[in-house]
Amino acid sequence: MSTLRLYNSLTRQKEPFHPLVKGRVGMYVCGPTVSGESHLGHARPYITFDVVYRYLLHLGYQVRYVRNITDAGHFEEEGREAIDKIANKSKLEQLEPMELVSKYTRLYHWAMEQFNTLPPSVEPTATGHIVEQIEMIKQLIEAGYAYEVNGSVYFDVKKYAAGHEYGKLSGRILDDLLETTRELEGQEEKRNRADFALWKAAAPEHIMRWASPWGVGYPGWHIECSAMATKYLGKQFDIHGGGMDLLFPHHESEIAQSTICNHTAPVRYWMHNNMITINGRKMGQSYNNVIRLTELFAGTHPELSQAYHPMTVRFFILQSHYRSTLDFSNEALQAAEKGLKRLWDAYSGLNAPVWSEPFVHPTAGDAELDQRMNRLLDEVLEFVNDDFNTAKALANFFEMVSVWNSIKDGLISITALSPATIQRIRTETKTWLEDVFGLQAVTEADNEKLSGVMDLLLEIRKEAKLRKDFSTSDKIRDQLITLGIQLKDEKGGGTSWMIDN
RNA sequence: GGUCCUGUGGCCGAGUGGCUAGGCAGAGCUCUGCAAAAGCUCCUACAGCGGUUCGAAUCCGCUCGGGACCUCCA
């Protein structure tokens, strides 16, 4: 019996997954900064960890999934100008920070729904946890690992490294960090350049500001995740996820802060997804190559030759392994679109009568085929258990697709498979595709009146065909195509239809 | 510069040392009034050069190319 193994960034190897508390899993995933619109790159971690979440639920765990929303600007802790990101942009857009944050939070939630991701159990905001962050900083000062300078507080990395494994997660070597030749402004307050801000004094023009024991200011970049993860998941929890670009310094700093405050390493399994690239380059703000999700869904971006359905994007992402880079291109997205359609058409075909008639045959008519189907399903479990290899799992479904289609077309008899296998295919496919991978039909849900109209049209067309009146039958089909409805005459004489997007 | 990852057929991608993933595109055939869909078949690649091995896309070394992080970032 295969069990879940996942790649732990901390140990750089796959490890069997055993939760800290039997039957329960605590999972934290770094969420978005809602100072702007989410883009395709953001979609990857949320979809990746949605599958992780769904699978853990499927395995029967009670999961507390925490995914934060960063709505406070504290991004310039190395402080070139100490300007709050949100405050800065809100001035440009003439908006209140909170208005901006609300707007982009709503957009983000909307996009996550489009992707059919399950909402997290807790979705804490940074601004809602200023108190917890201040408390944590106080603890760090008391413990002697943080120091205050001019109303700002910094974490003493050098001191931490003397007694702890600083850099273990990211592979950094402290001496290298201390000796880096990079020149940054606003470093003079720090004892060492590797130190990072826990609290920053706010300049007068700063809009986001909170009172603290060290004066008016705002929290540092890393402390929110430590504070909120501790609050909702405890001093130590099972899984922490995020993009690989957060390994350093964000997650490394989280480990340092939490380790001092909680006297234990905070996370047992660190999982990091790789980036989505465009023309071989990471999609990110700094590269000016982002395709926002609204643009992606609408097809309104110079790089896009068409609009892409959220499910196409989800499927595209699941067709690669989450730890590999995934290169965006129209060709690749279109391939995903067609692939998903093929898979989904075949999957929908499992609801055809031939699959659900009462089976009287006791055994498989084609033992070899029957075995193959069972093997393919067995392997799906193994692949998913093997660090969430959704790519391999989906490949197996495609191997099954041609058999399903052949059964639907009557090229293979349903009795080739044993009743048990038939049942297994139907239930397990639904479980994997819908419940675990979170895939959905791309077409709109059927409308009853439309179905009635379609039934009528198909009947008229059938009658026309019977009397060889092909001009009428073709007229119906061709007119429907211009309306975006495609007819498919099937082997058995029936006709199915689908709405193209 | 430092740390690390990576280079697979037209495109995207999976690959645990031996059993040619899969998707898309392309070609042919079958089914079909035609079309679409579907089925079958074909296209058999691992940057280069060495090495280890009975055997390497997979391990090691070097070279070349691409990328990530070290600064906001998923």
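A quick note: this is a predicted structure, and the numbers were derived from the prediction, not measured. In the text below, chain A, chain B and the rest are named by the order of the sequence lines, each starting its count at 1.
- Atom-to-atom, CD of A:Glu399 to C1' of B:C40 comes out at 15 Å; the value is rounded to the nearest Å.
- Judged by distance alone, the side chain of A:Asn396 and the main-chain N or O of A:Ala393 form no donor-acceptor pair under 3.5 Å.
- The gap from the C1' atom of B:G55 to that of B:C72 amounts to 50 Å, rounded to the nearest Å.
- Heavy atoms of A:Gly41 sit under 4.0 angstrom from at least one base atom.
- For B:G13, the base has no donor-acceptor partner in the side chain of A:Asp327 [N/O atoms by modelled type, under 3.5 angstrom].
- When distances are taken from the side chain of A:Phe248 to each of B:C11, B:C69, B:G33, the shortest belongs to B:C69.
- Looking only at side-chain heavy atoms (C-beta outward), A:Pro266 and A:Gln257 stay at 4.5 Å or farther from each other.
- Nucleotides B:A14 and B:G23 have their C1' atoms positioned 11 Å apart, rounded to a whole Å.
- A 3.5 Å limit on both hydrogen-bonding distances identifies B:U30 as the Watson-Crick or G-U partner of B:A38.
- With rounding to whole Å, A:Glu379 atom CD is found 13 Å from B:U16 atom C1'.
- When each of A:Asp386, A:Asp378, A:Asn385 is tested with A:Ser2 by the rule side chain to side chain donor-acceptor pair (under 3.5 Å), just one qualifies, namely A:Asn385.
- For A:Asp474, the listed nucleotide lying nearest its side chain is B:C34; candidates were B:C34, B:A14, B:C12.
- Separation of the C1' atoms belonging to B:G15 and B:G9 is 15 Å when rounded to the nearest angstrom.
- For a distance-only test at 3.5 Å, the side chain of A:Arg477 qualifies as a donor-acceptor partner of the base of B:C34.
- The residue A:His250 sits apart from the nucleic acid: no heavy atom pair falls under 4.0 Å.
- Using a 4.0 Å heavy-atom criterion, one finds that A:Leu326 contacts the sugar-phosphate atoms exclusively.
- Spacing between B:U53 and B:C4 at atom C1', rounded to whole Å, works out to 29 Å.
- Residue A:Lys338 is in sugar-phosphate contact alone, with no base atom involved, counting any heavy-atom pair closer than 4.0 Å across all strands shown.
- A:Lys468 comes within contact range of no nucleotide atom at all, as no heavy-atom separation falls under 4.0 Å.
- For A:Arg467, the salt bridge (charged side-chain N to carboxylate O under 4.0 Å, His left out) partners are A:Asp469, not counting sequence neighbours.
- The gap from the C1' atom of B:G61 to that of B:A45 amounts to 24 Å, rounded to the nearest Å.
- Applying the Watson-Crick and G-U wobble criteria (two distances, each under 3.5 Å), B:A25 pairs with nothing in any strand.
- Phosphate proximity of B:A68 to A:Tyr287: present, with a side-chain N or O under 4.0 Å from OP1 or OP2.
- Using a 4.0 Å heavy-atom cutoff across all strands shown, A:Arg172 reaches at least one base atom of the nucleic acid.
- For A:Ser324, a side-chain nitrogen or oxygen approaches OP1 or OP2 of B:A14 to under 4.0 Å.
- The side chain of A:Ser329 has B:C11 as its nearest neighbour among B:U3, B:C34, B:C11.
- Side-chain atoms of A:Gln486 lie closest to B:A36 of the nucleotides B:C34, B:A36, B:G22.
- Residues A:Ile173 and A:Ala335 both approach RNA chain B. Their nearest nucleotides, taken by heavy-atom distance, put A:Ile173 toward the 5′ side.
- Put simply, A:Asn389 has no side-chain N or O that comes within less than 4.0 Å of OP1 or OP2 on B:A14.
- Pairing for B:C54 is with B:G18, a Watson-Crick or G-U wobble pair whose two hydrogen-bonding atom distances lie under 3.5 Å.
- In the set B:C69, B:A36, B:A21, the nucleotide with an atom closest to the side chain of A:Lys282 is B:C69.
- Both distances falling under 3.5 Å, in either a Watson-Crick or a G-U wobble arrangement, place B:A68 opposite B:U3.
- At a threshold of 4.0 angstrom between heavy atoms, the contacts of A:Phe398 are confined to the sugar-phosphate backbone, with no base atom among them.
- Base pairing annotation: B:A47 forms a Watson-Crick or G-U wobble pair with B:U63, both donor-acceptor distances under 3.5 Å.
- A ring-centre distance under 6.0 Å is found for A:Phe155 and A:Tyr160.
- Rounded to a whole Å, the CG atom of A:Leu343 is 15 Å from the C1' atom of B:A21.
- Between A:Tyr347 atom OH and B:A38 atom P there is a gap of 18 Å when expressed in whole angstrom units.
- A:Arg342 has a side-chain polar atom (N or O) that falls below the 4.0 Å cut-off from OP1 or OP2 of B:G23.
- Nucleic acid contact class of A:Ala332 (heavy atoms, under 4.0 Å, all strands): sugar-phosphate only.
- For the pair A:Tyr322 OH and B:A68 P, the computed distance is 21 Å after rounding to whole Å.
- B:U30 and B:A37: their C1' atoms are spaced 14 Å apart (whole Å).
- Put simply, A:Lys392 has no side-chain N or O that comes within less than 4.0 Å of OP1 or OP2 on B:G15.
- Between A:Phe297 and A:Trp110, the ring center distance clears the sub-6.0 Å criterion.
- Among the heavy atoms of the strands lying under 4.0 Å from A:Gly284 is at least one base atom, whether or not backbone atoms are also near.
- Taking atom CG of residue A:Leu177 and atom P of nucleotide B:C4, one finds them 13 Å apart after rounding to whole Å.
- Set against B:A38, B:C34, B:G10, the side chain of A:Lys465 has B:C34 as its closest nucleotide.
- Taking atom P on both nucleotides, B:C29 is separated from B:C60 by 48 Å, rounded to a whole Å.
- Distances were taken from every side-chain heavy atom of A:Ala391 (C-beta onward) to each of B:G33, B:A14, B:C70; the shortest belongs to B:A14.
- Comparing B:C19 with B:A68, their C1' atoms sit 35 Å apart, to the nearest whole Å.
- Considering only residues two or more places apart in sequence or on other chains, A:Arg342 meets the salt bridge (charged side-chain N to carboxylate O under 4.0 Å, His left out) condition with none of them.
- Contacts of A:Leu247 with the nucleic acid, taken as non-hydrogen atoms under 4.0 Å apart, are absent.
- Within the nucleic acid shown, A:Tyr46 comes within 4.0 Å of sugar-phosphate atoms alone, with no base atom in reach, counting heavy atoms only.
- For the pair A:Arg67 and A:Phe49, the NZ or CZ position fails the cation-pi test of under 6.0 Å to the six-membered ring centre and within 45 degrees of the ring normal.
- Place A:Gly171 and A:Gly280 on RNA chain B by their nearest nucleotides, and A:Gly171 ends up nearer the 5' end.
- Distance CG (A:Leu411) to C1' (B:A37): 13 Å, rounded to an integer number of Å.
- In summary, the aromatic rings of A:Tyr308 and A:Phe328 are positioned with their centroids too far apart to meet the 6.0 Å limit.
- Distance alone, capped at 3.5 Å, is enough to place a donor-acceptor pair between the A:Asp327 side chain and the A:Gly280 backbone.
- Among the protein residues, A:Met275 comes within range of the nucleic acid bases, having at least one heavy atom under 4.0 Å from a base atom.
- Put simply, CG on A:Leu439 is 14 Å from C1' on B:G23, counting in whole angstrom units.
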